[in-house]
Amino acid sequence: MQDEYRTVAGAGVHETEVNRSRFLCALAPAATEREAQDFIAAVRKEHADANHNCWAYVIGADASVQKASDDGEPGGTAGVPMLQMLLRRDMRYVVAVVTRYFGGVKLGAGGLIRAYGGAVGEALDTLGTRARRRFRLATVTVDHQRAGKLENDLRTTGREVRDVRYGEAVTLEIALPDTDVPAFRTWLADATAGTAAFEPGGETYGDA
């Protein structure tokens, strides 16, 4: 698993024009391949009168699913450059659809590659992206006497507290970068005079 990737901040559309052809790039986050395909279908329906609705998507933090379509444009001139732009920008869990309304001037293979790849790049710049970072989930168990101060210290030092449960002891669910675990163990021992228990768990991704 890679430590960090980028995704789109939200769904949106950005339009560019190349030699009188209109290129509308629609971007959206997609957690699964089904979500990506549903988004593509929605854009196709909205722009059923367009000459082409080319698309590309990348699913998985490690880009395990990569698919693209030229939708009638010459092979390799639309979907592939769109996909390459997404990968070059380290984009994951994202789908892009570029709708083309032909303006009467043929662009040639090189022109199409630049237009489709460029439409995705411009849309990413305009609509915005956000970084997602890999975090280690962990459980900290501490006595009631120290719990309030510890929770406050965790939050003021910028650590993510996901849940707090009260029982015989207090259990705090936290997330922190893997590389911070050794230093955090030391900090926790100092902050609680060695009384807190630390139990590392699985991994997740959150905003960096």
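Computed from a prediction, not measured in an experiment: that's the story for all the values here.
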Report summary line: For A131 and E4, the nearest pair of non-hydrogen atoms, with its separation, is CB-OE2, 3.8 Å
Query raised in the report: Side chains of V140 and F184: does their closest heavy-atom pair fall under 4.5 Å?
Result: yes
Query raised in the report: side chain to side chain contact (heavy atoms under 4.5 Å, CB included) between T99 and V43: does it pass, once the steps are laid out?
Result: CA-CA 8 Å; T99 300; V43 175; 3.7 Å; yes
**Report entry** Flag side-chain contact, heavy atom, 4.5 Å: Y57 against Q66
**Finding:** no
Query raised in the report: Are Y5 and L124 linked, directly or through other ILVMFWY residues, by side chains that come within less than 4.5 angstrom of each other?
Result: no
Report task. Decide, yes or no, whether a salt bridge links R155 with D153 under the criterion of side-chain N to carboxylate O below 4.0 Å. Result -> no
Query raised in the report: Do V120 and L86 come close enough that some side-chain heavy atom pair is under 4.5 Å?
Result: yes
**Report entry** Side-chain donor/acceptor of S69 to backbone N/O of G79, under 3.5 Å
**Finding:** no
Report task. Assess whether salt bridge (Lys or Arg N to Asp or Glu O under 4.0 Å) is satisfied between R132 and D90, documenting all intermediate values. Result -> CA-CA 11 Å; R132 301 280 285 172; D90 286 327; over 6 Å; no
Query raised in the report: Do I174 and W187 sit in the same hydrophobic cluster, where Ile, Leu, Val, Met, Phe, Trp and Tyr count as joined when their side-chain heavy atoms come under 4.5 Å apart?
Result: yes
Requested in this report: For residues E151 and V164, determine if any side-chain heavy atom of one lies less than 4.5 Å from a side-chain heavy atom of the other.
Outcome: yes
Query raised in the report: More than 12 non-hydrogen atoms from neighbouring residues, nucleotides or ligands closer than 6.0 Å to CD on E160, yes or no?
Result: yes
Report task. Would you please test V98 and W55 for side chain to side chain contact (heavy atoms under 4.5 Å, CB included) and show each step? Result -> CA-CA 6 Å; V98 175; W55 53 263; over 6 Å; no
**Report entry** Exercise: do R146 and T192 side chains pair donor with acceptor under 3.5 Å
**Finding:** no
Report summary line: Here the gap from R92 atom CZ to R6 atom CZ, rounded to the nearest 0.5 Å, amounts to 12.0 Å
Report summary line: Minimal heavy-atom distance between R89 and G121, with the atoms involved, is NH2-O, 3.5 Å
Query raised in the report: Just by distance, do the side chain of N51 and the backbone of F102 share a donor-acceptor pair under 3.5 Å?
Result: yes
Requested in this report: May I ask you to check whether over 12 heavy atoms, not counting those of R114, lie within 6.0 Å of atom CZ?
Outcome: no
Report task. Check whether any side-chain heavy atom of R100 sits under 4.5 Å from a side-chain heavy atom of L112, and report yes or no. Result -> yes
Query raised in the report: Can you name the closest pair of heavy atoms from L127 and A9 and give their distance?
Result: O-CB, 4.3 Å
Report summary line: Closest non-hydrogen atoms of G103 and S21, given as atom of the first, atom of the second and distance, are N-OG, 3.0 Å
Query - Minimum side-chain heavy-atom gap V65-V58 below 4.5 Å - result: no
Report task. For the residue pair T157 and R159, confirm or rule out a side-chain donor-acceptor distance under 3.5 Å. Result -> yes
Query raised in the report: Should V94 and F23 be counted in the same cluster of Ile, Leu, Val, Met, Phe, Trp and Tyr side chains packed under 4.5 Å apart?
Result: yes
Query raised in the report: Do E35 and Y93 have a side chain donor and acceptor closer than 3.5 Å?
Result: no
**Report entry** Point-to-point distance, once rounded to the nearest 0.5 Å, from CG of D180 to CZ of R136
**Finding:** 12.5 Å
Query raised in the report: Cation-pi between R22 and Y101: NZ/CZ under 6.0 Å from ring centre and within 45° of the ring axis?
Result: yes
Requested in this report: Check step by step if side chain to side chain contact (heavy atoms under 4.5 Å, CB included) holds for V97 and F39.
Outcome: CA-CA 9 Å; V97 183; F39 181 76; 4.1 Å; yes
**Report entry** Residue from D71, L24, I40 passing side-chain contact (heavy atoms from CB on, under 4.5 Å) with N53
**Finding:** D71
Report summary line: So CD1 of I59 and CD of Q37: to nearest 0.5 Å the spacing works out to 9.0 Å
Query raised in the report: Between CG of L137 and CG of D163, what distance do you get to the nearest 0.5 Å?
Result: 11.5 Å
Query raised in the report: Just by modelled atom types, is the E122 backbone N or O under 3.5 Å from a matching donor or acceptor in the T126 side chain?
Result: yes
Query - Path from V80 to M85 over hydrophobic side-chain contacts below 4.5 Å - result: no
Query - Side-chain touch T129/T7, heavy atoms, less than 4.5 angstrom - result: no
Query raised in the report: Roughly how far apart are R134 CZ and T179 OG1, rounded to 0.5 Å?
Result: 9.0 Å
Query raised in the report: Of all heavy-atom pairs between G167 and H144, which one has the smallest distance, and what is that distance?
Result: O-NE2, 2.7 Å
Requested in this report: Tell me whether L172 is reachable from V181 by hopping between hydrophobic residues (I, L, V, M, F, W, Y) whose side-chain heavy atoms are closer than 4.5 Å.
Outcome: yes
Query - Between NZ on residue K67 and CG on residue L83, distance to nearest 0.5 Å - result: 12.0 Å
Query raised in the report: Y116 versus E73: any side-chain heavy-atom pair under 4.5 Å?
Result: yes
Report task. Any chance you could lay out the salt bridge (Lys or Arg N to Asp or Glu O under 4.0 Å) test for E46 and R44, step after step, and finish with the verdict? Result -> CA-CA 6 Å; E46 182 182 352; R44 278 181 180 280; over 6 Å; no
Requested in this report: Using atom types as modelled and distance alone, determine if a side-chain donor or acceptor of D70 lies under 3.5 Å from a backbone N or O of G76.
Outcome: yes
Report task. For the pair R133 (side chain) and P177 (backbone), establish whether a donor and an acceptor sit closer than 3.5 Å, ignoring hydrogens and angles. Result -> no
Query raised in the report: Can you check side chain to side chain contact (heavy atoms under 4.5 Å, CB included) on L87 and M82, steps first, answer last?
Result: CA-CA 9 Å; L87 294 171; M82 290 169 62; over 6 Å; no
Requested in this report: Return the minimal non-hydrogen interatomic distance between C25 and A123, and the atom names on each side.
Outcome: SG-CB, 3.6 Å
